[in-house]
Amino acid sequence: MNAVEIKQLTKIYGSSYALRDFTLTIEAGRVYGLIGPNGAGKTTAMSILATLLAPDGGTAVVGGHDVIKEAAAVRRLIGYMPDFFGVYDGLKATEYLDFYAAAYRIPISKRPQLCQDLLELVNLSDKADSYVDLLSRGMKQRLAMARCLVHDPAVLILDEPASGLDPRARAEMKEVIRQLRRMNKTILISSHILPELAEMCDNIAILEQGRLVANGTVEEVTAARQGVRVLKVDVAEKLPELLEYVRHKTGVVNLDGDAGWARISFAGNKTEQGQLLREIMDQGFSVLEFAEVKGNLEDAFMAVTGEVEV
Amino acid sequence: MKELNPVLLKELRQRFRTYRSPLVVLLYLLVLGGFSLGYIYLRWRSAPAFFQPGSSKEIFTVLSMAQLGLLAFVVPGLTAGVISGERERQTLNVLLTTELTPLGIVVSKMISSCSFTALLLFATLPLYSLVFMFGGLAPLQILGVLGFFLVSMLLYAAIGVSCSTYFKRTGISTITSYGIVFFLVAGTAFLSGFIYTLYQQQAQSAMIKLQETPLIVQLLQDTNPVMVVLRILGENATFGPGREMWLPYWGTYTVTCVVISVVLILWSGWKLNPMNHNRKLFR
């Protein structure tokens with residue numbers, strides 16, 4: 001059974017497309033990662049699913065309910081955590097959860113135990129009587145996650161839940177998501193921290209300029225680079241010149257660089273790869289290393305997001 | 001027993017948990033009490049050695065005018081940030097994904113603000129009793145003034161909430177709310193006087209006498225809070241000889257305030273619904 005069905009979803013801001021014919025189906029109980037550079041349309045897609053934004057075209061259905069025609073039914077089914085959110089001043093953690101539980105019409109008799117269980121789930125039991133505005137950012141994120149769960153939603157929409165967190169807080173957040181996965185929740189999660197998504201997600205969708213450019217399991221997406229190999233080129237000096245030289249070469253679909261090395265997404269066979277190395281050396285660059293790196297999600301992301309034409 | 005609306009309960013909890021609310025009540029009473037006692041002192045100085053109980057009506061009028069001024073100042077300030085503040089704190093989106101309806105959120109926010117203003121109003125009752133014990137006013141007039149304040153408070157709160165829903169920034173919302181309330185308090189009286197003077201001059205040049213107040217002037221003065229409260233207190237605060245209307249002046253004022261408030265609240269609920277963001281109300 002499909003938990004989320006998005007068909008040709010389109011959203012236009014002014015003259016630019018935030019989403020263009022975005023189609024995606026998420027099976028119930030799956031953890032789906034949504035990846036894309038800034039402005040790719042991830043937050044727009046999630047806002048539409050969360051009934052916070054009306055699309056300009058296409059349909060989005062959550063749990064069999066249309067997000068526009070049956071917004072109230074969709075809201076009962078989803079737990080939404082935005083990328084940026086605030087908390088109320090002067091409320092304690094339990095009062096904060098109690099407020100949202102009441103907003104979801106959970107009976108008053110069930111709420112104290114529910115709040116206690118949720119705080120335990122996100123490892124905040126010792127902060128039950130702390131004021132939420134005084135909690136650390138990581139704690140607030142976990143509390144927000146608990147807030148998403150007050151009405152036991154079937155689908156969780158988590159927009160960058162680990163953004164801005166330190167490594168420990170990120171690890172704690174990841175653990176919470178793993179627990180939710182074990183609870184058989186359908187989770188749509190966006191993140192810039194790609195290796196983490198690969199660890200947590202069953203499926204990955206890559207968005208670029210509002211379009212879906214890759215979709216499938218993590219293995220499928222990384223394998224679907226279809227002949228695009230990622231080459232790591234270490235040079236002793238003149239990295240900017242190398243990047244400029246390689247940029248317009250045939251077969252180069254994307255590239256970036258860091259101190260002393262370039263990463264080139266190259267669509268070509270081994271012979272063409274050797275030809276590229278020869279041309280680089282002929283230009284006088286001192287190449288210390290020229291090797292194909294093992295494909296991972298980040299490489300796939302870099303490769304596919306370089307292929308979209310404006 | 002039915003539970004209070006969660007937004008209302010949260011707002012009340014947040015509002016009365018901090019020291020700010022008692023401080024506002026204290027300041028409100030200090031200003032209004034200082035104003036009344038200052039006025040009594042001035043009256044006593046002009047007629048030394050005794051206080052004339054007969055002047056209590058005058059004091060009551062002054063107190064009511066001060067109360068109206070404070071309401072016009074406090075209510076927009078309390079309500080102009082209720083929705084935009086949620087937006088600025090980035091809590092609004094999450095609230096809108098709950099089972100609470102946008103209209104329910106608007107109404108709860110408004111009741112919360114009004115309940116605090118009502119507390120301010122009722123906290124001033126001892127001040128009124130100070131004046132009332134000297135006599136000079138009918139109990140019905142006092143009830144009328146109290147009703148007038150409640151109806152005015154409803155309108156000012158609805159204006160604040162709708163500005164807060166429409167404008168993204170609390171600053172702009174607050175300034176606009178004050179502007180609209182200022183127009184209602186002072187602008188309608190000025191317009192009423194201005195238009196009446198035009199009519200009068202025209203009548204004089206035609207060598208005729210106005211038999212009744214023009215409709216627009218009558219409507220403006222029946223909806224001007226200053227003129228209405230003065231008339232409740234028995235003052236002759238009108239332009240022209242008067243006019244037969246469908247309702248008495250206080251009825252016109254009450255109906256106008258309630259109808260505008262209800263329309264503004266319904267519109268705010270509509271506007272707050274995220275699914276209406278890219279739909280135009282009129283096209």
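Just so we're clear, the structure is a prediction, and the values are computed from it rather than from any experiment. Proteins come first, then strands; the chains are lettered A, B, ... in the order of their sequence lines, and each starts at number 1.
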Trainee: Using a 4.5 Å cut-off on heavy atoms from C-beta on, say whether the side chain of B:Pro274 contacts that of A:Thr51.
Mentor: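 Answer no - side chains too far apart.
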
Trainee: Using a cut-off of under 4.5 Å for heavy-atom pairs, which of A:Gly79, A:Ala103, A:Pro82 has the most such pairs with chain B?
Mentor: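 If we count pairs closer than 4.5 Å to chain B, A:Ala103 comes out on top.
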
Trainee: Just by distance, do the side chain of B:Gln14 and the backbone of A:Asp89 share a donor-acceptor pair under 3.5 Å?
Mentor: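 Yes.
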
Trainee: If I measure from the heavy atoms of chain A, does B:Arg13 come under 4.5 Å with its side chain, its backbone, both, or neither?
Mentor: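 Side chain only.
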
Trainee: Picking from A:Ala72, A:Ala102, A:Ser47, which has the most non-hydrogen pairs under 4.5 angstrom with chain B?
Mentor: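 Top count of heavy-atom pairs under 4.5 Å with chain B: A:Ala102.
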
Trainee: For A:Tyr131, is it the side chain, the backbone, both or neither that has a heavy atom under 4.5 Å from a heavy atom of chain B?
Mentor: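 For A:Tyr131, side-chain heavy atoms alone lie under 4.5 Å from chain B.
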
Trainee: Do you know which two heavy atoms are closest between A:Arg75 and B:Asn273, and how far apart they sit?
Mentor: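 Heavy atoms only, the tightest pair is NH2-OD1, 4.2 Å.
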
Trainee: Given that the side chain runs from C-beta out, which part of B:Thr97 has a heavy atom under 4.5 Å from chain A: side chain, backbone, both or neither?
Mentor: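 Both the backbone and the side chain of B:Thr97 come within 4.5 Å of chain A.
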
Trainee: Could you measure the distance from the CE atom of A:Met81 to the CG atom of B:Asn93? Nearest 0.5 Å is fine.
Mentor: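 The CG atom of B:Asn93 is 13.5 Å from CE of A:Met81, to the nearest 0.5 Å.
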
Trainee: Specify which of B:Leu96, B:Thr101, B:Asn5, B:Leu92 makes the most heavy-atom pairs with chain A at under 4.5 Å.
Mentor: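 Looking at each option in turn, the highest pair count goes to B:Leu96.
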
Trainee: Taking every non-hydrogen pair under 4.5 Å, which of A:Phe99, A:Phe85, A:Tyr100 racks up the most with chain B?
Mentor: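 The option with the most such pairs is A:Phe99.
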
Trainee: For the residue pair A:Glu95 and B:Arg17, establish whether any side-chain heavy-atom pair is separated by less than 4.5 Å.
Mentor: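 Contact flag for A:Glu95/B:Arg17 side chains = yes.
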
Trainee: Between A:Tyr88 and B:Glu86, is there a side-chain heavy-atom distance shorter than 4.5 Å?
Mentor: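 A side-chain contact exists here, since the closest heavy-atom pair is under 4.5 Å.
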
Trainee: Where is the tightest heavy-atom contact between A:Arg147 and B:Val94, given as atom of each residue plus distance?
Mentor: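 Smallest interatomic distance, heavy atoms only, reads CZ-CG1, 3.2 Å.
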
